[in-house]
Amino acid sequence: MSGPWVVVLAVGLATVAIKGAGPLLLGGRSLPPAVAGVVGLMAPALLAALVVVNAFTSGRHLVLDARAGGLGVAAVAIAARAPLLLVVAAAALTAALIRLAT
Amino acid sequence: MQASHTAGDGARRAVPLAVAVGVFGVTFGVLAQAAGFGALAAIVFSATSFAGSAQFAAAGVVSAGGTVAAAIVAAVLLNARYLPIGMSVAPALHGRAPERLLRAQLVVDESWALSHLGGGRYDRRLLFGAGLAIYLAWVAGTTAGVLGGDLLGKPENLGLDAAFPALFLALLVGQIHDRRGATAAVLGALVALVFVPFVPAGLPIVAASFVCLLGLRR
(Lines give C-alpha, C1' and ligand atoms only; values in the text may rest on other atoms or scores of the structure.)
Protein backbone atom coordinates (compact mmCIF):
# COMPACT_ATOMS: atom_id res chain seq x y z
CA MET A 1 0.00 0.00 0.00
CA SER A 2 1.33 3.46 -0.89
CA GLY A 3 2.26 5.99 1.78
CA PRO A 4 -0.67 8.36 1.27
CA TRP A 5 -3.19 5.51 1.58
CA VAL A 6 -1.59 4.40 4.85
CA VAL A 7 -1.96 7.98 6.11
CA VAL A 8 -5.60 8.11 4.97
CA LEU A 9 -6.58 4.84 6.64
CA ALA A 10 -4.61 5.33 9.86
CA VAL A 11 -5.74 8.93 10.38
CA GLY A 12 -9.32 7.99 9.44
CA LEU A 13 -9.48 5.19 12.01
CA ALA A 14 -7.78 7.29 14.67
CA THR A 15 -10.15 10.20 14.06
CA VAL A 16 -13.24 7.98 14.34
CA ALA A 17 -11.89 6.63 17.62
CA ILE A 18 -10.91 10.03 19.02
CA LYS A 19 -14.19 11.72 18.11
CA GLY A 20 -16.28 8.75 19.23
CA ALA A 21 -14.51 7.95 22.50
CA GLY A 22 -16.30 10.50 24.67
CA PRO A 23 -19.87 9.95 23.45
CA LEU A 24 -19.35 6.18 23.20
CA LEU A 25 -17.55 5.31 26.42
CA LEU A 26 -17.65 8.00 29.02
CA GLY A 27 -21.31 8.92 29.10
CA GLY A 28 -20.63 12.59 29.71
CA ARG A 29 -18.24 12.34 32.62
CA SER A 30 -15.71 15.17 32.39
CA LEU A 31 -11.91 14.91 32.21
CA PRO A 32 -9.78 15.11 35.36
CA PRO A 33 -8.57 18.74 35.53
CA ALA A 34 -4.88 17.84 35.07
CA VAL A 35 -5.56 15.87 31.88
CA ALA A 36 -7.91 18.53 30.55
CA GLY A 37 -5.21 21.14 31.12
CA VAL A 38 -2.69 19.18 29.07
CA VAL A 39 -5.05 18.41 26.18
CA GLY A 40 -6.26 22.00 26.13
CA LEU A 41 -2.75 23.28 25.40
CA MET A 42 -2.12 20.81 22.62
CA ALA A 43 -3.99 22.79 19.97
CA PRO A 44 -2.17 26.12 20.49
CA ALA A 45 1.26 24.44 20.71
CA LEU A 46 0.73 22.31 17.62
CA LEU A 47 -0.93 24.98 15.50
CA ALA A 48 1.84 27.47 16.29
CA ALA A 49 4.41 24.85 15.29
CA LEU A 50 2.52 24.24 12.05
CA VAL A 51 2.47 27.96 11.30
CA VAL A 52 6.23 28.42 11.58
CA VAL A 53 7.19 25.09 9.98
CA ASN A 54 4.96 25.72 6.97
CA ALA A 55 6.03 29.36 6.67
CA PHE A 56 9.74 29.32 7.46
CA THR A 57 11.17 25.92 6.57
CA SER A 58 12.01 23.91 3.52
CA GLY A 59 13.11 20.38 4.33
CA ARG A 60 15.62 20.77 7.14
CA HIS A 61 16.46 24.37 6.27
CA LEU A 62 15.13 27.54 7.82
CA VAL A 63 14.20 29.88 4.96
CA LEU A 64 12.64 33.28 4.47
CA ASP A 65 10.68 33.46 1.20
CA ALA A 66 7.39 34.64 -0.30
CA ARG A 67 5.41 32.61 2.28
CA ALA A 68 6.70 34.91 5.04
CA GLY A 69 5.19 37.91 3.26
CA GLY A 70 1.91 36.05 2.94
CA LEU A 71 1.95 35.21 6.64
CA GLY A 72 2.60 38.85 7.55
CA VAL A 73 -0.39 40.00 5.52
CA ALA A 74 -2.46 37.21 7.09
CA ALA A 75 -1.52 38.43 10.56
CA VAL A 76 -2.65 41.96 9.69
CA ALA A 77 -5.91 40.62 8.25
CA ILE A 78 -6.56 38.52 11.35
CA ALA A 79 -5.85 41.52 13.61
CA ALA A 80 -8.40 43.47 11.52
CA ARG A 81 -10.90 40.67 12.18
CA ALA A 82 -11.20 39.81 8.49
CA PRO A 83 -13.17 36.65 7.67
CA LEU A 84 -11.14 33.47 7.50
CA LEU A 85 -11.51 33.15 3.74
CA LEU A 86 -10.20 36.65 3.19
CA VAL A 87 -7.24 36.00 5.48
CA VAL A 88 -6.18 32.92 3.54
CA ALA A 89 -6.83 34.51 0.13
CA ALA A 90 -4.80 37.60 1.07
CA ALA A 91 -1.88 35.43 2.15
CA ALA A 92 -1.95 33.41 -1.06
CA LEU A 93 -2.27 36.51 -3.24
CA THR A 94 0.61 38.22 -1.45
CA ALA A 95 2.90 35.24 -1.89
CA ALA A 96 1.91 34.90 -5.56
CA LEU A 97 2.61 38.61 -6.18
CA ILE A 98 5.98 38.45 -4.41
CA ARG A 99 6.94 35.51 -6.64
CA LEU A 100 5.83 37.39 -9.75
CA ALA A 101 7.92 40.40 -8.75
CA THR A 102 11.11 38.51 -7.90
CA MET B 1 -38.97 26.34 28.34
CA GLN B 2 -36.48 26.63 25.51
CA ALA B 3 -37.78 26.45 21.93
CA SER B 4 -36.62 23.20 20.40
CA HIS B 5 -34.37 23.20 17.36
CA THR B 6 -34.52 20.97 14.31
CA ALA B 7 -31.71 19.54 12.24
CA GLY B 8 -32.91 21.90 9.48
CA ASP B 9 -32.22 24.87 11.77
CA GLY B 10 -28.70 23.58 12.25
CA ALA B 11 -28.15 23.15 8.51
CA ARG B 12 -29.53 26.63 7.73
CA ARG B 13 -27.37 28.31 10.37
CA ALA B 14 -24.33 26.44 9.07
CA VAL B 15 -24.63 27.72 5.48
CA PRO B 16 -21.95 30.47 5.74
CA LEU B 17 -19.63 28.05 7.53
CA ALA B 18 -20.33 25.35 4.96
CA VAL B 19 -19.41 27.74 2.13
CA ALA B 20 -16.09 28.55 3.80
CA VAL B 21 -15.41 24.91 4.57
CA GLY B 22 -16.28 23.99 0.98
CA VAL B 23 -13.66 26.41 -0.36
CA PHE B 24 -11.13 24.94 2.07
CA GLY B 25 -12.15 21.55 0.77
CA VAL B 26 -11.22 22.71 -2.74
CA THR B 27 -7.88 23.96 -1.39
CA PHE B 28 -7.32 20.69 0.42
CA GLY B 29 -8.08 18.73 -2.75
CA VAL B 30 -5.53 20.77 -4.69
CA LEU B 31 -2.86 20.62 -1.97
CA ALA B 32 -3.38 16.92 -1.28
CA GLN B 33 -2.80 16.16 -4.93
CA ALA B 34 0.26 18.39 -4.96
CA ALA B 35 1.50 16.47 -1.91
CA GLY B 36 1.25 13.20 -3.80
CA PHE B 37 -2.13 11.90 -2.64
CA GLY B 38 -4.10 10.34 -5.49
CA ALA B 39 -7.55 11.66 -6.37
CA LEU B 40 -9.39 8.82 -4.65
CA ALA B 41 -7.13 8.87 -1.58
CA ALA B 42 -7.77 12.61 -1.10
CA ILE B 43 -11.55 12.21 -1.36
CA VAL B 44 -11.63 9.15 0.91
CA PHE B 45 -9.46 11.08 3.39
CA SER B 46 -12.07 13.86 3.62
CA ALA B 47 -14.98 11.40 3.75
CA THR B 48 -13.52 9.30 6.56
CA SER B 49 -11.52 11.76 8.65
CA PHE B 50 -13.57 14.99 8.35
CA ALA B 51 -10.96 16.94 10.27
CA GLY B 52 -9.63 19.85 8.24
CA SER B 53 -6.60 20.95 10.21
CA ALA B 54 -5.36 17.38 10.76
CA GLN B 55 -5.77 16.58 7.06
CA PHE B 56 -3.91 19.75 6.06
CA ALA B 57 -1.21 18.84 8.57
CA ALA B 58 -0.84 15.30 7.23
CA ALA B 59 -0.68 16.55 3.64
CA GLY B 60 1.75 19.27 4.74
CA VAL B 61 4.10 16.76 6.36
CA VAL B 62 3.99 14.43 3.34
CA SER B 63 4.47 17.40 1.02
CA ALA B 64 7.52 18.51 3.01
CA GLY B 65 9.05 15.07 2.52
CA GLY B 66 8.18 13.75 5.97
CA THR B 67 7.66 10.10 6.80
CA VAL B 68 4.27 8.40 6.83
CA ALA B 69 4.58 7.90 10.59
CA ALA B 70 5.31 11.59 11.18
CA ALA B 71 2.28 12.57 9.09
CA ILE B 72 0.02 10.22 11.05
CA VAL B 73 1.33 11.34 14.43
CA ALA B 74 1.00 15.03 13.55
CA ALA B 75 -2.60 14.52 12.35
CA VAL B 76 -3.59 12.43 15.35
CA LEU B 77 -2.08 14.93 17.78
CA LEU B 78 -3.89 17.77 16.03
CA ASN B 79 -7.12 15.82 16.44
CA ALA B 80 -6.50 15.15 20.12
CA ARG B 81 -8.69 18.12 20.98
CA TYR B 82 -11.69 16.12 19.75
CA LEU B 83 -11.33 13.92 22.84
CA PRO B 84 -12.42 16.64 25.29
CA ILE B 85 -14.71 18.16 22.65
CA GLY B 86 -16.36 14.76 22.26
CA MET B 87 -16.80 14.52 26.01
CA SER B 88 -18.39 17.95 26.11
CA VAL B 89 -21.13 16.87 23.67
CA ALA B 90 -21.52 13.38 25.15
CA PRO B 91 -24.50 14.31 27.36
CA ALA B 92 -26.37 15.55 24.26
CA LEU B 93 -25.68 12.38 22.29
CA HIS B 94 -28.04 9.84 23.80
CA GLY B 95 -29.25 6.83 21.86
CA ARG B 96 -27.67 3.49 21.05
CA ALA B 97 -23.90 3.09 20.86
CA PRO B 98 -23.58 2.90 17.04
CA GLU B 99 -25.73 6.00 16.68
CA ARG B 100 -23.65 7.88 19.26
CA LEU B 101 -20.46 6.88 17.44
CA LEU B 102 -21.81 8.05 14.08
CA ARG B 103 -23.20 11.33 15.36
CA ALA B 104 -19.88 12.03 17.07
CA GLN B 105 -18.16 11.97 13.67
CA LEU B 106 -20.10 15.09 12.64
CA VAL B 107 -18.40 17.07 15.39
CA VAL B 108 -15.90 19.57 14.00
CA ASP B 109 -14.88 22.91 15.48
CA GLU B 110 -17.56 24.76 13.50
CA SER B 111 -20.55 22.44 14.14
CA TRP B 112 -19.51 22.13 17.79
CA ALA B 113 -19.50 25.91 18.26
CA LEU B 114 -22.80 26.32 16.42
CA SER B 115 -24.64 23.74 18.52
CA HIS B 116 -23.54 25.26 21.83
CA LEU B 117 -26.64 26.44 23.69
CA GLY B 118 -24.54 28.12 26.37
CA GLY B 119 -23.36 26.94 29.76
CA GLY B 120 -21.72 23.87 28.31
CA ARG B 121 -24.98 22.41 26.96
CA TYR B 122 -25.22 21.24 23.35
CA ASP B 123 -28.18 20.58 21.05
CA ARG B 124 -28.00 17.23 19.27
CA ARG B 125 -30.25 18.27 16.36
CA LEU B 126 -28.34 21.50 15.69
CA LEU B 127 -25.14 19.49 15.87
CA PHE B 128 -26.49 16.91 13.44
CA GLY B 129 -27.83 19.41 10.89
CA ALA B 130 -24.83 21.71 11.00
CA GLY B 131 -22.38 18.82 11.04
CA LEU B 132 -24.00 17.17 8.04
CA ALA B 133 -24.11 20.41 6.01
CA ILE B 134 -20.43 21.11 6.73
CA TYR B 135 -19.48 17.49 6.06
CA LEU B 136 -21.14 17.49 2.64
CA ALA B 137 -19.47 20.80 1.76
CA TRP B 138 -16.07 19.47 2.86
CA VAL B 139 -16.30 16.28 0.79
CA ALA B 140 -17.81 18.07 -2.24
CA GLY B 141 -15.12 20.76 -2.05
CA THR B 142 -12.36 18.18 -1.83
CA THR B 143 -13.80 16.39 -4.87
CA ALA B 144 -13.97 19.65 -6.83
CA GLY B 145 -10.38 20.51 -5.87
CA VAL B 146 -9.14 17.08 -6.87
CA LEU B 147 -10.99 17.07 -10.20
CA GLY B 148 -10.53 20.73 -11.09
CA GLY B 149 -7.13 21.29 -9.53
CA ASP B 150 -5.40 21.05 -12.91
CA LEU B 151 -7.36 24.08 -14.09
CA LEU B 152 -5.79 26.12 -11.28
CA GLY B 153 -2.21 25.37 -12.24
CA LYS B 154 0.69 24.92 -9.83
CA PRO B 155 -0.29 25.69 -6.22
CA GLU B 156 2.92 27.74 -5.75
CA ASN B 157 1.99 30.09 -8.60
CA LEU B 158 -1.27 30.86 -6.81
CA GLY B 159 0.53 31.19 -3.49
CA LEU B 160 -1.43 28.25 -2.14
CA ASP B 161 1.58 27.05 -0.14
CA ALA B 162 1.31 30.34 1.75
CA ALA B 163 -2.33 29.48 2.47
CA PHE B 164 -1.21 26.73 4.87
CA PRO B 165 0.54 28.93 7.44
CA ALA B 166 -2.17 31.61 7.14
CA LEU B 167 -4.88 29.03 7.75
CA PHE B 168 -3.07 27.62 10.77
CA LEU B 169 -2.45 31.11 12.14
CA ALA B 170 -6.17 31.89 11.89
CA LEU B 171 -7.05 28.60 13.61
CA LEU B 172 -4.38 29.26 16.23
CA VAL B 173 -5.78 32.67 17.16
CA GLY B 174 -9.16 31.02 17.76
CA GLN B 175 -7.55 28.53 20.15
CA ILE B 176 -5.80 31.02 22.41
CA HIS B 177 -8.06 32.07 25.25
CA ASP B 178 -5.60 32.91 28.01
CA ARG B 179 -1.95 33.59 28.87
CA ARG B 180 -1.18 29.89 29.22
CA GLY B 181 -2.45 29.19 25.70
CA ALA B 182 -0.33 32.05 24.34
CA THR B 183 2.74 30.71 26.17
CA ALA B 184 2.14 27.24 24.73
CA ALA B 185 1.88 28.73 21.24
CA VAL B 186 5.13 30.70 21.51
CA LEU B 187 7.02 27.75 23.00
CA GLY B 188 5.52 25.36 20.46
CA ALA B 189 6.75 27.56 17.60
CA LEU B 190 10.23 27.90 19.13
CA VAL B 191 10.61 24.18 19.85
CA ALA B 192 9.56 23.31 16.29
CA LEU B 193 12.05 25.74 14.71
CA VAL B 194 14.88 24.53 16.95
CA PHE B 195 14.25 20.91 15.92
CA VAL B 196 13.89 21.55 12.15
CA PRO B 197 17.60 21.30 11.20
CA PHE B 198 18.16 18.12 13.23
CA VAL B 199 15.23 15.74 12.70
CA PRO B 200 13.10 14.55 9.74
CA ALA B 201 10.20 16.74 8.57
CA GLY B 202 7.10 16.34 10.69
CA LEU B 203 8.94 15.46 13.89
CA PRO B 204 9.51 19.12 14.88
CA ILE B 205 5.73 19.43 15.10
CA VAL B 206 5.52 16.33 17.24
CA ALA B 207 8.29 17.69 19.47
CA ALA B 208 6.31 20.91 19.88
CA SER B 209 3.37 18.94 21.22
CA PHE B 210 5.31 18.16 24.39
CA VAL B 211 4.97 21.82 25.27
CA CYS B 212 1.39 21.00 26.28
CA LEU B 213 2.79 19.29 29.39
CA LEU B 214 2.88 22.86 30.71
CA GLY B 215 -0.77 22.15 31.41
CA LEU B 216 0.27 19.88 34.29
CA ARG B 217 1.50 22.92 36.20
CA ARG B 218 -1.12 24.24 38.53
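FYI, side chains are in, hydrogens and waters are out, and symmetry mates aren't considered; it's all heavy atoms of this structure. A note on names: the letters A, B, ... follow the listed sequences, proteins ahead of strands, and every chain is numbered from 1.
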Just so I know, are the side chains of B:Ile72 and A:Val6 near enough to count as touching, which here means a heavy-atom distance under 4.5 Å? yes

Nearest heavy-atom approach of A:Gly20 to B:Leu101 is CA-CD1, 3.7 Å

Flag yes if more than 12 heavy atoms outside B:Arg13 fall under 6.0 Å of its CZ atom; otherwise flag no. yes

For B:Ala41 and A:Val8, which heavy atoms make the closest approach, and how far apart are they? O-CG2, 3.5 Å

Using non-hydrogen atoms and a 4.5 Å limit, figure out which bit of B:Ala75 sits close to chain A: side chain, backbone, both or neither. side chain

With side chains defined as the heavy atoms from C-beta onward, is the minimum distance between A:Thr57 and B:Leu193 less than 4.5 Å? yes

Heavy atoms only: give me the nearest A:Arg99-B:Gly159 pair and the separation to one decimal. NH1-CA, 4.0 Å

Please evaluate residues A:Val53 and B:Val61 with respect to the criterion side-chain contact (heavy atoms from CB on, under 4.5 Å), reporting the C-alpha separation (whole Å), side-chain torsions for both, the decisive distance (0.1 Å), and the verdict. CA-CA 10 Å; A:Val53 167; B:Val61 170; over 6 Å; no

Is the shortest heavy-atom distance from the side chain of A:Thr15 to the side chain of B:Phe50 under 4.5 Å? no

Starting from the C-alpha separation in whole Å, work towards a yes-or-no answer on side-chain contact (heavy atoms from CB on, under 4.5 Å) for A:Lys19 and B:Val108. CA-CA 9 Å; A:Lys19 284 187 177 179; B:Val108 282; 3.8 Å; yes

Would A:Arg67 and B:Asp161 count as a side-chain contact (heavy atoms from CB on, under 4.5 Å) if you check the C-alpha gap in whole Å, the side-chain angles of each, and the deciding distance to 0.1 Å? CA-CA 7 Å; A:Arg67 293 172 296 171; B:Asp161 55 338; 3.7 Å; yes

Keeping the roles fixed (side chain from B:Gln105, backbone from A:Val16), state whether a donor-acceptor pair exists under 3.5 Å. yes

Is chain A contacted by the side chain of B:Val173, its backbone, both, or neither, given a heavy-atom distance below 4.5 Å? side chain

Which bit of B:Leu40 comes within less than 4.5 Å of chain A, counting heavy atoms only: side chain, backbone, both or neither? both

Looking only at non-hydrogen atoms, find the nearest pair between A:Pro44 and B:Gly181 and report the distance. CB-O, 3.6 Å

Note: vs chain B, highest number of non-hydrogen pairs under 4.5 angstrom among A:Ala45, A:Ala96, A:Ala74, A:Ala95 is A:Ala45

B:Phe56 and A:Asn54, any side-chain heavy atoms less than 4.5 Å apart: no

Between A:Leu62, A:Leu50, A:Val52, which residue shows the highest count of heavy-atom pairs closer than 4.5 Å to chain B? A:Leu50

